[in-house]
Every structure is written in structure tokens, then in C-alpha cells.
Amino acid sequence: MIKGIQLVGILVASYLLFSTYNNYRKRQIGIKKTALWGAIWLLMALLFYDTNLMNIIMPILTTQDGIQTVMVMGILTSFIFINQVYVKVIELDKKMTGLTQNLAINDYLKEITEEDR
Amino acid sequence: MNNNPEKIGIFIPAYNEENSIETVLTNLRELNKSIPVFIIDDGSKDNTRKIVEPYGFNLIKHPMNLGGGAAIKTAFVLARKLGFKYVITLDADGQHDPTIIPQVLEMMHETNAGLFIGSRFIDPKHVSMEKYREIGIKFFSWYSTFLTGQRITDVTNCFRIYDMEKVSEILNEFNEKQYYAIGLVVRLARRGVQIVEFEVEDIPRIGGESKKGVLRYLYNLIRIIIMMTFTF
């Protein structure tokens, strides 16, 4: 029998999984990110569905109980998330710098072309 | 630009330099008129633009502050678009004497160098900077020499002449917005570009304040050491 907390976990994980797929479909994220986040949310859904799966993960993470395992996995996932956000910020900053530079150059070139006329 | 057969341009990045840029521009006006001067205003919030405009030099305006490295990259991209063969860079704070440019150009034609760097340490009598900065520059120069196999004594000096053909090869990977000077030297040297230094005086900045504080300098020291070591 599925408990209330399991149901909430499964629903949240399913929503995140669907959201990841949706972002991929709209080409907002690439195949690598879809695979990474898809795997994370799928694992989360499975763990909430069958809590006995914790017994497989606990020896790998050398954790004592289910709560500790969930905490460790949550922290690791947040590290991945922070890294993804950081990479995205750097990427956007680079793009914005490039656009600003091109804008300044194009403005100057337009100005001298107009002066030549 | 037809009266510029050598296709050389002087590029000066400037950010909040209202106290010093006027002297630099006055000195540049005395120079050989056939070399065009470009001021890259990096989003200054003071009167830098207003001071530059009456001189009639080419003014490129960043709508916001991007950093010295980004301003230099703008200079390179524009120089490439205009078909320049050489790019001369100077600081806008008056630390570089533009009147020696004709001599340096003559010297450059006698070598096969792709990068000419002004050095304040060729004659140590010229050095008058703060001790911590001198130690930092000497360390970076020693480390650059170690990494590139070419003798470099003043790797942070931005009074430089770049061969645009060589710069074009690394332009896409050059994205340092701040503290770009060292990375650029290492990148070019690792592409086999010959680096030659010329003697310059250590002139204190005319006015305003340096944008490099001690803590920021230390943080960037560590960051640049890591970057230099892993730049391929």
C-alpha cells in the first residue's frame, strides 16, 4: 500500500520528469541534460515507489538509514543543479559580452559610413 | 585609412579616465597623423566620452562596462574588420608614453615578432611602483617565462604591438574580461608566436585611482596562475 508521502514524492518526480521532457521537446535543453535530469527524476520516482530500493543505494553511499540517504542524494543533486546554473550564467555572460561588443562595433561602423556619405 | 599603408591602429581602452585621458590624447595628437587612434570607452560613468569627442579620434562606445579584456577584444574584432595588420595598445591612465611609438615600430620591422611588449624592468632604474605590485609582476613574468620558454620581464604591461594575423588565431578562445594581459601572452606564445620586449619608463598614472585593489589582486593572482597553467 502506497503511503501519502510516497504518493507526493511520485507526483513531484513525475512532474519534474515530464517538465524535463517538455523542455527537450521545445529544444530548450539538449539531449545530455535531458538524460541527466531524466535519470535523476526517474530514480527519485522509483525510490518513492519502492522504498526497498534504498537498501541497494545505502551500501554504495555508506549511509546508515533512509533519511540520511535521501539527504545525501538531495545535496548531491543540488550540487549538480548549482553547477548547471553556474555554467549557464557563464555562457549567457559570454553571449551578452559578444552582443555588446558587436553592437558597439556596428554603431561605430554605421557612424563612419554615414560620415563618408 | 588610405594614408595608412602599414595598416596600423592605436587602440586605447578607457574606463572612468576623465582625470588622465586628456594628457594621453594631447600626446597622441602630436604623433604621426597617418596612424588612426581608436578609443574604446568601456561604459564610463564619468566625463571620459565628453573629453574624447572634441579630439576627433575614433570613439567606440560600449553601452556598459565589460572589463579591460573585453575592450581589447572589441579592438581586435574591429581591427580585423578594418583589415589592420598591427594593433598598438596603450593604457588611458597616462602610464605609457606614445611618443616612442615610431621608434618601436622601426624596431619591430627588424624582427619577426608577433607580439611586442613594453618592459619597465629592462632598466630597473625605471621602476617606481608599489612593492607588492612589483613582486607580483616579477613572479608572473618568471612563471610566463617558465611556461612559454621565452624571456618575458613585464608580462602585465599593456603597451603592446600585436600582429593581427597571429591574434586572429586565438581570438575565438580569448574571453578574459579582466586581467587578460597574461593569458593573452601565454596563448600567443603557445601558438609559437615570438615575443620581443622594448624598454619603457615606469610612469605613474596621471590621475584617478587604479582599479586593482590588493585583495582583488591576490584573488586574481591565484586565478591567473591556474588559468596560465592549463591554457593550451
Side-chain angles (χ1 to χ4, degrees), chain A residues 19-20 23-40 60-62 71-117, chain B residues 1-4 9-15 36-44 48-49 52-53 55-84 87 164 167 171-180 183 223 227:
Chain A
S19 171
T20 305
N23 286 337
Y24 173 68
R25 216 166 42 95
K26 288 178 189 165
R27 293 170 188 245
Q28 285 169 343
I29 53 170
I31 186 80
K32 280 184 192 167
K33 274 186 190 166
T34 308
L36 172 74
W37 290 107
I40 288 172
I60 300 168
L61 295 173
T62 60
M71 273 176 65
V72 169
M73 288 178 69
I75 291 167
L76 290 177
T77 309
S78 66
F79 280 162
I80 296 173
F81 181 70
I82 290 165
N83 176 263
Q84 298 267 324
V85 171
Y86 177 74
V87 169
K88 195 76 197 165
V89 168
I90 300 279
E91 207 176 279
L92 284 173
D93 182 61
K94 210 183 272 183
K95 270 188 194 165
M96 208 169 74
T97 304
L99 283 172
T100 311
Q101 287 169 319
N102 284 337
L103 187 77
I105 291 171
N106 289 340
D107 274 356
Y108 164 74
L109 292 175
K110 208 169 129 189
E111 220 171 84
I112 55 166
T113 316
E114 276 166 12
E115 272 172 27
D116 281 350
R117 278 182 204 159
Chain B
M1 315 274 167
N2 293 337
N3 53 348
N4 182 15
I10 298 173
F11 291 80
I12 305 171
Y15 175 62
V37 177
F38 297 82
I39 313 294
I40 319 284
D41 177 57
D42 190 22
S44 294
T48 303
R49 276 185 197 181
V52 174
E53 273 161 353
Y55 281 84
F57 292 134
N58 302 281
L59 180 61
I60 294 91
K61 297 168 248 181
H62 279 178
M64 60 176 143
N65 180 243
L66 298 176
I72 287 292
K73 187 163 180 177
T74 300
F76 289 149
V77 174
L78 179 62
R80 196 164 62 171
K81 280 196 175 181
L82 296 174
F84 284 162
V87 160
M164 274 309 294
V167 169
L171 204 50
N172 286 340
E173 66 196 60
F174 168 50
N175 289 309
E176 281 287 301
K177 289 170 80 176
Q178 297 281 0
Y179 296 85
Y180 66 93
R223 192 175 63 80
M227 190 270 291

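Bear in mind that the values here come from a model prediction, so they are computed numbers and not experimental data. Note that these values count all heavy atoms, side chains included, but never hydrogens, waters or copies made by symmetry. Chain identifiers are assigned alphabetically (A, B, ...) following the order of the sequence lines, protein sequences preceding nucleic acid strands; residue numbering begins at 1 within each chain.
Note: Ile60(B) leads Asp41(B), Val77(B), Ile60(B) in heavy-atom pairs under 4.5 Å with chain A.
Contact annotation: the side chain of Gln101(A) never approaches that of Ile40(B) to less than 4.5 Å [non-hydrogen atoms, C-beta and beyond]. By the 4.5 Å heavy-atom criterion applied to side chains, Asp107(A) and Lys61(B) are not counted as neighbours. Side-chain contact between Lys73(B) and Thr97(A) is absent, with no heavy-atom pair separated by less than 4.5 Å. Taking the side chain as every heavy atom from C-beta outward, Leu109(A) and Leu82(B) approach each other to under 4.5 Å.
The list of salt bridge (Lys or Arg N to Asp or Glu O under 4.0 Å) pairs with a residue in residues 73-85 of chain A, not counting sequence neighbours, is empty.
Only the side chain of Leu66(B) comes within less than 4.5 Å of a heavy atom of chain A; its backbone N, CA, C and O stay farther away. For a residue to count as touching a neighbouring chain, one of its non-hydrogen atoms must lie under 4.5 Å from one of that chain's; by this rule Leu59(B) touches chain A with the backbone only.
Checked against side-chain hydrogen bond (donor to acceptor under 3.5 Å, both in side chains), Arg223(B) has the following partners two or more places apart in sequence or in another chain: Glu176(B), Asn220(B).
For Phe57(B), the CZ atom counts as densely surrounded, since its 6.0 Å shell holds more than 12 non-hydrogen atoms of other residues, nucleotides or ligands. Lys94(A) NZ: 12 or fewer foreign heavy atoms inside a 6.0 Å radius.
Expressed to the nearest 0.5 Å, how far CG of Asn102(A) lies from NZ of Lys81(B) amounts to 5.5 Å.
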